[in-house]
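Please read all numbers here as calculations on a predicted model, not as lab measurements.
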Amino acid sequence: MKMNQEINDLTTFTIEEFQNDFDNLMNRVENGESFVIKSEHGNAIIVPYNEVVQIFQEVGVDDDVIRIHTDHEEGS
């Protein structure tokens, strides 16, 4: 997700759609795409890892906070 891209411009999937096409959609995220996942409890946005780190750095999140959330073997 590019910083200037509007959330409304992102492709939206329901939780069920995302679960049914999970492997394909995760591959697309790993290749740079971002998506909105809608549920009755609210929406979530899934973005590539490197963009999350970049956003954290741009807004001045402390390096230790970034490390806590990224320096592990789970999910990477």
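Atom CD1 of Ile37 is separated from atom CD of Gln19 by 9.0 Å, given to the nearest 0.5 angstrom. Annotation: the span from Glu33 atom CD to Leu10 atom CG amounts to 10.0 Å, rounded to 0.5 Å.
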Side chain to side chain contact (heavy atoms under 4.5 Å, CB included) for Thr14 and Glu17? Distances and angles first, verdict last. CA-CA 5 Å; Thr14 65; Glu17 291 170 327; 3.2 Å; yes
Test side chain to side chain contact (heavy atoms under 4.5 Å, CB included) on Ile45 and Val47; report intermediate values, then the result. CA-CA 6 Å; Ile45 299 175; Val47 299; 3.6 Å; yes
As a quick check of understanding, evaluate side chain to side chain contact (heavy atoms under 4.5 Å, CB included) for Phe35 and Thr12, giving each step before the final call. CA-CA 6 Å; Phe35 304 112; Thr12 300; over 6 Å; no
Under the side chain to side chain contact (heavy atoms under 4.5 Å, CB included) rule, what do Phe18 and Met26 come out as? Steps first, then yes or no, please. CA-CA 9 Å; Phe18 194 79; Met26 288 305 294; 3.9 Å; yes
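Residues passing the side chain to side chain donor-acceptor pair (under 3.5 Å) test with Asp21, sequence neighbours excluded: Asn24.
Transitive grouping of hydrophobic side chains (ILVMFWY, heavy atoms separated by less than 4.5 Å) brings Val29 and Phe13 into a common cluster. Leu25 and Val36 fall into different hydrophobic clusters, where Ile, Leu, Val, Met, Phe, Trp and Tyr side chains are chained together by heavy-atom contacts under 4.5 Å.
In terms of heavy-atom proximity, Ser34 sits nearest to Pro48 at OG-CD, 3.5 Å.
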